[in-house]
Structures are given as structure tokens and as C-alpha cells.
**Student:** 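Please read through the structure below; I'll follow up with questions.
For this chain, numbers begin at 1 and follow the sequence in order. None of the values given here were measured: they were computed from a predicted structure.
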Amino acid sequence: MPRLFWLALLPLWAWGQAATTEEFIASPTLATVELYAGDTPLSYPVLYLGSPGILTLAFDDLGAEPTTYELRILRCEADWQPSTLPQPQYLTGYSRVELTNYRPSQQTRVPYVHYEQTIPWQGLRITQSGNYLVQLSRSGQPGSPLLQLRFLVAEQVLVPSVEIRPSASATDVQTHHRVAVQVPSNRALVRDPVQELSLTLLQNFRWAPARARLKPTYLYPDRLEYDLVPEVEFPAGNEFRTADLRPIAGRGRGVAFRDCAGSGPCKVQLQPERTRAYARYLADTDYNGLFAIGLTATDRQLGAWEADYQEVSFELQFPDRLVGYAPVLLGAFNRWRPTPETTLQFDPTLRVYSTTVLLKQGVYNYQYGLLKLGTTPVPPPDTTPFEGNYRETENSYTALVYYRPLGERFDRLLGIGWAANTR
């Protein structure tokens, strides 16, 4: 798809997100969006009901001057449909807050303003477990959100145990993971577990695709088991590719060269890459798709406003132009959603797909996915054609236990379980 066509659709694609509960970034000036637990960037956005924990929302505005932004929180059900529960039944205190914690960048080629905000903020308390959205908008314009992210609040009343096993299918045993889950029984709380409980499984905390509304495979007096059905199997994927954009002098991992001549942003060319779908599996250490901002391996605080933005060029060697499809970059840095900037274009002379993305200094995990064009709604890109699937791949899996008693109209999140396979 020509980039001009993508750009023509961008305003409709971005601003049309206001009616959805999916994650999105609808402003071209917002960059490096993070939502993590406490002060740990490489973590997932999960709170535990009644605990003193917080989340941190951090992002940059590439505008030169500070803007008055505000946040609000909305509740959703297990399937991410908007909740009909009145706000006073899940929030107490100030449901909106104006962002006052910001700092302009210092000594950077690309000016920006860095914002941070804790969730919940002072004067707000979340009183109900479940799925939540945090929305960012300009002050006084809550109906036009510029940013929307998902987070979870769990009770940990029924904590599932999660185990990663080989696929039960002989044809998939080398390419898939089977996620077996056990949920302890609590008949004093859950009288009809088949009707009142549902399970959602996530791979690397990605919501697309997720395995949702799963029912138990086996019922025992002391536990429920979810296993040996296709819904608990995931393509294993491959280890994530890594680009280390921290060093200004010298080259980080994956970088071919850097050009900082002139007054504009430095230009970084990554090493040319190829499909790994038919290559031998190579073990590697990664962040399971996440990214970490910083100037050095130990820096976090200064990097928030002193790390610079660079024009980073990706190059995927491919012999032929794809018809009806396009390669895209995927990772937490773009919320796993293809955009015009992260869609690669074919160069018939060099026989490569390439694109250039403005990225802040840090370490980034990413993969290449294949996006099918001309379909509505847009299906999640498939990484298999470029990355392959290998049972040795290390992934993290999350099991979410939701509870809706018969006759109730909202879902509680009773427990979260985690597992990561080791090689």
C-alpha cells in the first residue's frame, strides 16, 4: 500500500479510535508511551486491589511547549466492553487529574516535553477489580482522547497456577506452546464455576491475539483445569530482535552506522535483516517485546529528559514485492499496532523493504509481522512468515481469572497467574 494512501487515512484511523476500548495513540506528537508498575519500566501494568502499589504513565510530547493534559479512568468488563457499572461503584475521589509533572528536554537535537503521572493519583482510589482504561486528552476535551491504554486491577482471591508444556498436537509440538492452568476451587465464593468463571490467556501480555472466555476442561473437587484443548495453545514465535540505540559514540547492538552531522536528529541505520522463518533457532536474551529508555545500561532517570530522538532506518531483505500484504514493525514501542511510520515500503532496485522511525535512545525489542491490506477490521499482523515458530522460544504467559456471579452485571478479576518457559 503506498505510504501516501496510509497518510491520507491516518486522521480517520487515529481519531476514530475514541469509540473503541483498544489501545491507541491518536496524536502524531505523542511518543515513547510507557505504562508500567511502580518504577520498573520492564513490567506489566497490573495493580492489586487494596495494595499500595501504583502504575507510572510516561510519555513525550514532541511539541516545543508544555500542553495542559488531563487523565481519566474508565472501567471495562472481561471482554473489554465498556462497563455499565456507575463510576462511584469502582472509583472514589477525583476521577480526573491534570498533568503537572513535566520537564522539557535538555541538550537534545529534537526538543520534547516529558510527562509522568502515577495511577492512581492522589485523591483517587480504585475500589473494584477488573479491566481498566486510562485516557489522555487535552484539558476540557475528554471526548477526544489522544491516548488510551489498558491496565488491570486484581484481587488475588483465586490465584491460578500456570505451566508451559509441549503442544498436544504431533504436528505442532515443535512450533507451539501449551499453557496448562489450574484454578483452585472456592465453593464458598463461586457456586457454579462453569457458568461464573472465565479464563483469559495472554502471551507476552499482548491483547491481540488473546484466548478469552475459556471454560474449564476438567472439574475436580479442589480445582479446575484448563488443558488439552486448542484454545490453550499458542504459536511459540521467536526471540525478539534487538536494537540498542543508547550509544552516541560507537555502535550499539544491531546498529550498522550512525550519522550525527548537521543540526537535525542523528540518523541511525540498523544492520540489514532477513526472514528467520526457515532458519535454525538461536537462543537469545530479550525483553519479550518491551523497550527500556536510557542513556546507558544503568540510567533511567536522566534518560527521561536527556535521551535524544534519532531517525532509525530498518531494512528487511526480501526478493519480491508482496501483493496485498505489507511487512510491519511490531513491539511495545508502537503498542503492537501497525502505523504508516512502521509499515515498510518495497525498493525494487535494492530488493528490500525499509522504513524510518523516530525513536528515543534506549534498547528496543521488535519483530516483523505481515499485515493483510484492504480488510476491515484490520486483523493482527502475523509474525510467522518473517520470524517463524520454535518451541525453544522463551515467552511469558499470563492467566486471568474473571468472575461474574449469576444475575450480576459486572466482572471481577479474582486472580492473575504468571509463567515463563526456560530453555
**Student:** For Q203 and T398, indicate whether the former's side chain and the latter's backbone hold a donor-acceptor pair under 3.5 Å.
**Tutor:** no
**Student:** Ignoring hydrogens and angles, state whether a donor on the side chain of E23 or Q148 is under 3.5 Å from an acceptor on the partner side chain.
**Tutor:** no
**Student:** For K372, does the NZ atom have more than 12 heavy-atom neighbours from other residues, nucleotides or ligands under 6.0 Å away?
**Tutor:**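 Incorrect, the count does not exceed 12.
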**Student:** Between T217 and D227, does any side-chain donor sit less than 3.5 Å from a side-chain acceptor?
**Tutor:**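 There is no such pair (donor and acceptor under 3.5 Å, judged by atom type) between the side chains of T217 and D227.
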**Student:** Does L147 offer a backbone N or O that forms a donor-acceptor pair with the side chain of Q135 under 3.5 Å?
**Tutor:** no
**Student:** Salt-bridge test for D411 and R75: reply yes if a basic N is under 4.0 Å from a carboxylate O, no otherwise.
**Tutor:**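 Judged by the 4.0 Å cut-off on N to carboxylate O distance, D411 and R75 do not form a salt bridge.
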**Student:** Could you give me the CA-CA distance, side-chain angles and deciding distance for Y402 and N131, then say whether side chain to side chain donor-acceptor pair (under 3.5 Å) is met?
**Tutor:** CA-CA 10 Å; Y402 292 97; N131 294 354; 2.6 Å; yes
**Student:** Check whether more than 12 heavy atoms from other residues, nucleotides or ligands sit under 6.0 Å from atom CZ of R280, and answer yes or no.
**Tutor:**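 12 or below, so no.
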**Student:** So, are D60 and K360 salt-bridged, with charged N and O less than 4.0 Å apart?
**Tutor:**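 Result for this pair is yes, salt bridge flagged.
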**Student:** Could you tell me whether the side chains of D382 and T384 share a donor-acceptor contact shorter than 3.5 Å?
**Tutor:** yes
**Student:** Scan for ring-ring contact (aromatic ring centres under 6.0 Å, His included) pairs involving residues 227-247, sequence neighbours excluded, and state none if there are none.
**Tutor:**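 Checked against ring-ring contact (aromatic ring centres under 6.0 Å, His included) - neighbours excluded - the pairs reaching residues 227-247 are F234-Y397, F240-W336.
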**Student:** Say whether, by atom type as modelled, one donor and one acceptor occur between the side chain of N204 and the main chain of R206 under 3.5 angstrom.
**Tutor:**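 Checking the backbone N and O of R206 against the side chain of N204, no donor-acceptor pair under 3.5 Å is found.
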**Student:** Without placing hydrogens or testing angles, list every side-chain donor-acceptor pair under 3.5 Å for residues 117-128, not counting sequence neighbours.
**Tutor:**
{"unit_1": "W121", "atom_1": "NE1", "unit_2": "Y94", "atom_2": "O", "d": "2.8"}
{"unit_1": "T127", "atom_1": "OG1", "unit_2": "Y90", "atom_2": "O", "d": "3.3"}

**Student:** Could you walk me through whether E233 and R211 pass the salt bridge (Lys or Arg N to Asp or Glu O under 4.0 Å) check?
**Tutor:** CA-CA 9 Å; E233 302 224 0; R211 308 287 193 265; over 6 Å; no
**Student:** Check whether any side-chain N or O of T355 sits under 3.5 Å from a backbone N or O of E341 as a donor-acceptor pair, and report yes or no.
**Tutor:** yes
**Student:** Side chains of S83 and E77: do they bring a donor and an acceptor to under 3.5 Å?
**Tutor:**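 Result is yes, a qualifying pair exists.
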**Student:** Which atom pair, heavy atoms only, marks the closest approach of T285 to R253?
**Tutor:** O-NH1, 4.2 Å
**Student:** Would you say D222 and S185 are linked by a side-chain donor-acceptor pair, where the criterion is simply a distance under 3.5 Å?
**Tutor:**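 On atom types as modelled, these side chains do not qualify, holding no pair under 3.5 Å.
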**Student:** Regarding S129 and E155, is there a side-chain donor-to-acceptor distance under 3.5 Å anywhere?
**Tutor:** yes
**Student:** Which residues pass the salt bridge (charged side-chain N to carboxylate O under 4.0 Å, His left out) test with E163, not counting sequence neighbours?
**Tutor:** R165
**Student:** Is R241 salt-bridged to E273, going by a charged N under 4.0 Å from an acidic O?
**Tutor:**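 Here R241 pairs with E273 in a salt bridge, since their nearest N and O are under 4.0 Å apart.
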**Student:** Check whether any side-chain N or O of N389 sits under 3.5 Å from a backbone N or O of G237 as a donor-acceptor pair, and report yes or no.
**Tutor:** yes
**Student:** Mind checking what makes side-chain contact (heavy atoms from CB on, under 4.5 Å) contact with E70, not counting sequence neighbours?
**Tutor:**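 Listed in chain order: R96, S137, S139, P142.
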**Student:** Looking at Q195 and L406, would you say the former's side chain and the latter's main chain have a donor-acceptor pair under 3.5 Å?
**Tutor:**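 Side chain of Q195 to backbone of L406: no pair is present.
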**Student:** Check for me whether the distance between the ring centres of Y69 and Y115 falls short of 6.0 Å.
**Tutor:** yes
**Student:** Is it the case that more than 12 heavy atoms not belonging to R213 sit under 6.0 Å from its CZ atom?
**Tutor:**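 Yes - once you tally the heavy atoms of other residues, nucleotides and ligands closer than 6.0 Å, there are more than 12.
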**Student:** Just by distance, with hydrogens left out, do Q361 and R246 show a side-chain donor and acceptor under 3.5 Å apart?
**Tutor:** no
**Student:** Take S95 and Q87, measure what side chain to side chain donor-acceptor pair (under 3.5 Å) needs, and give me the verdict at the end.
**Tutor:** CA-CA 9 Å; S95 61; Q87 189 178 87; 3.3 Å; yes
**Student:** Just say parallel, tilted or perpendicular for the rings of F291 and Y364, cut-offs at 30° and 60°.
**Tutor:**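 F291 vs Y364 ring planes: parallel.
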**Student:** Between R150 (side chain) and T21 (backbone), is there a donor-acceptor pair under 3.5 Å?
**Tutor:** yes
**Student:** Give the ring-plane orientation class for F318 versus F386, where under 30° counts as parallel, over 60° as perpendicular and anything between as tilted.
**Tutor:** perpendicular
**Student:** Do E239 and Y281 have side-chain atoms, one donor and one acceptor, less than 3.5 Å apart?
**Tutor:** yes
**Student:** Can you see whether S167 engages S169 through a side-chain donor-acceptor pair at a distance of less than 3.5 angstrom?
**Tutor:**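 No, S169 and S167 have no side-chain donor paired with an acceptor closer than 3.5 Å.
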**Student:** Would you call the rings of Y220 and Y218 parallel, tilted or perpendicular, where under 30° means parallel and over 60° means perpendicular?
**Tutor:** tilted
**Student:** Between T200 (side chain only) and L400 (backbone N and O only), is there a donor and an acceptor less than 3.5 Å apart?
**Tutor:** no
**Student:** Once ring-ring contact (aromatic ring centres under 6.0 Å, His included) is applied, what residue pairs with a partner in residues 138-163 remain, sequence neighbours excluded?
**Tutor:**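 Qualifying pairs: Y132-F151.
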**Student:** Are T108 and S105 close enough that a side-chain donor and a side-chain acceptor fall under 3.5 Å?
**Tutor:** yes
**Student:** Just checking Q106: does its CD atom have more than 12 heavy atoms from other residues, nucleotides or ligands closer to it than 6.0 angstrom?
**Tutor:**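 Count over threshold, so yes.
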**Student:** Examine distances only and state if a side-chain atom of Y112 and a backbone atom of Y309 form a donor-acceptor pair shorter than 3.5 Å.
**Tutor:** no
**Student:** Take atom CZ in F346; do more than 12 heavy atoms of anything else shown fall under 6.0 Å from it?
**Tutor:**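 Atom CZ in F346 is crowded, with more than 12 foreign heavy atoms closer than 6.0 Å.
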**Student:** If you compare all heavy atoms of L330 against all heavy atoms of G369, which two are closest, and at what distance to 0.1 Å?
**Tutor:** CD1-CA, 4.0 Å
**Student:** Listed by chain and number, what are the disulfide (SG to SG under 2.5 Å) partners of C76, not counting sequence neighbours?
**Tutor:**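 Residues passing disulfide (SG to SG under 2.5 Å) with C76: none at all.
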**Student:** Under 3.5 Å, is there a donor-acceptor pair linking the side chains of E387 and Q367?
**Tutor:** no
